[in-house]
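By convention here, the first residue in the shown sequence is residue 1. Since the model is a prediction, treat every value here as computed from it, not as a measurement. The figures here come from the full heavy-atom set of this structure, side chains too, leaving out hydrogens, waters and symmetry mates.
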Amino acid sequence: MFLSRFLLSHRHCFYRPTTTFALARTRRHAHRPTRRYAFFLLLLFAGCATPPETAPLMESRAIAQQIAAEPVGDFYIGRRVFAPPFAIWGYVRSPRQSWKTAKLVVLNEKFQFAPDRARNQLGSDNGSEYRLYGYFSGDQIYDASSGRFCAEFVLKRAELVSANPDPLWSAYFIRDRQMFMGWARGGSQPVQR
């Protein structure tokens with residue numbers, strides 16, 4: 001009690017010199033240009049660059065020609081992305097559509113297991129291309145590992161198109177989690193333009 005009375009009654013003694021010093025320093029440097037702060041502003045604005053809207057999937061001329069020659073039918077084209085610990089299966093798009101329109105999906109395996117799970121070799125088909133029979137349920141599935149909502153694709157049947165197709169992503173695509181570029185945590189997939 002004595003100590004608190006002493007500190008409260010004499011508090012101005014501790015703070016007054018500090019306040020006076022801070023005001024004097026501010027007045028003394030108020031007329032100087034802020035060149036030294038320009039660097040920090042530059043870093044701030046550089047960090048505000050708009051991220052890409054979708055993952056950087058690469059489409060070579062050969063892939064574009066393959067897409068143009070695809071048959072049309074009641075199926076989808078899927079490219080497997082094995083990226084533990086995420087629950088995603090990979091990208092799924094309609095035939096003759098660019099990979100840039102593909103959605104990152106979580107498979108619903110109530111009718112049929114995913115091809116790698118059916119063989120009991122998880123991830124053995126990373127990068128493989130499939131013809132997928134099924135449909136988009138319209139639901140969004142939350143992947144807790146990535147913190148994002150993915151489209152749900154109900155798988156009825158899968159046919160292997162190619163075990164080693166032309167690559168769509170860089171070697172660091174999975175390691176650097178580029179499949180989530182421009183995709184805020186807690187959100188759904190970026191809108192394709």
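Judged by distance alone, the side chains of Ser128 and Arg79 never bring a donor and an acceptor atom under 3.5 Å apart. Side chains of Glu152 and Ser137: a donor on one and an acceptor on the other come within 3.5 Å. Judged by distance alone, the side chains of Gln121 and Asp116 never bring a donor and an acceptor atom under 3.5 Å apart.
Between atom NZ of residue Lys110 and atom CD of residue Gln112 there is a gap of 14.0 Å, rounded to the nearest 0.5 Å. Distance check: Arg185 CZ to Ser146 OG gives 7.0 Å after rounding to the nearest 0.5 Å. The line from CZ of Phe82 to CG of Asp125 is 9.0 Å long, rounded to the nearest 0.5 Å. Rounding to the nearest 0.5 Å gives a distance of 13.0 Å between SG of Cys150 and CG of Asp139. Expressed to the nearest 0.5 Å, how far CD of Glu159 lies from CZ of Arg157 amounts to 4.5 Å. In this structure, CZ in Phe173 is found 8.5 Å from CG in Leu168, a value given to the nearest 0.5 Å.
Val106 and Val81 are not part of a single hydrophobic cluster, where members link through side-chain heavy atoms under 4.5 Å apart. Cluster annotation: Phe180 and Ile141 are assigned to distinct hydrophobic clusters (Ile/Leu/Val/Met/Phe/Trp/Tyr, side-chain heavy-atom contacts under 4.5 Å, transitive). One hydrophobic cluster holds both Tyr133 and Tyr91 under the rule that ILVMFWY side chains link at heavy-atom gaps under 4.5 Å.
Look at Asp143 and Arg148 and you find no salt bridge, because none of the NZ, NE, NH1 or NH2 atoms lies under 4.0 Å from a carboxylate O. A salt bridge between Glu109 and Arg117 is present, with a side-chain N of the basic residue lying under 4.0 Å from a carboxylate O of the acidic one.
Counting side-chain heavy-atom gaps under 4.5 Å among Ile, Leu, Val, Met, Phe, Trp and Tyr, the cluster of Tyr135 also holds Phe111, Val154. Cluster partners of Leu107, by chain and number: Tyr76, Trp89, Val92, Val105, Tyr130, Leu132, Phe136, Phe153, Leu155, Leu160. The rule joins Ile, Leu, Val, Met, Phe, Trp and Tyr whenever side-chain heavy atoms lie under 4.5 Å apart.
Judged purely by atom type and a 3.5 angstrom limit, Ser188 has no side-chain atom pairing as donor or acceptor with the backbone of Phe149.
Annotation for Ser145 and Pro85: closest pair OG-O, 3.1 Å, computed over non-hydrogen atoms. Here the shortest heavy-atom pairing between Trp169 and Arg80 reads CH2-O, 3.4 Å. Between Ala151 and Gln189, the shortest heavy-atom distance links the atoms N-NE2, 3.6 Å. Between Pro165 and Ser162, the shortest heavy-atom distance links the atoms N-OG, 3.2 Å.
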Taking distance alone, no hydrogens or angles, what donor-acceptor pairs closer than 3.5 Å link side-chain atoms of residues 60-72 to residues at least two apart or in another chain?
residue	atom	partner	partner atom	Å
Ser60	OG	Ile63	N	3.3
Glu70	OE1	Arg93	NH1	3.1
Glu70	OE1	Arg96	N	2.8
Glu70	OE2	Arg93	NH2	2.6

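Crowding of Tyr142 atom OH: a count of heavy atoms from other residues, nucleotides or ligands under 6.0 Å exceeding 12. Within 6.0 Å of CZ on Arg119 lie more than 12 heavy atoms contributed by other residues, nucleotides or ligands.
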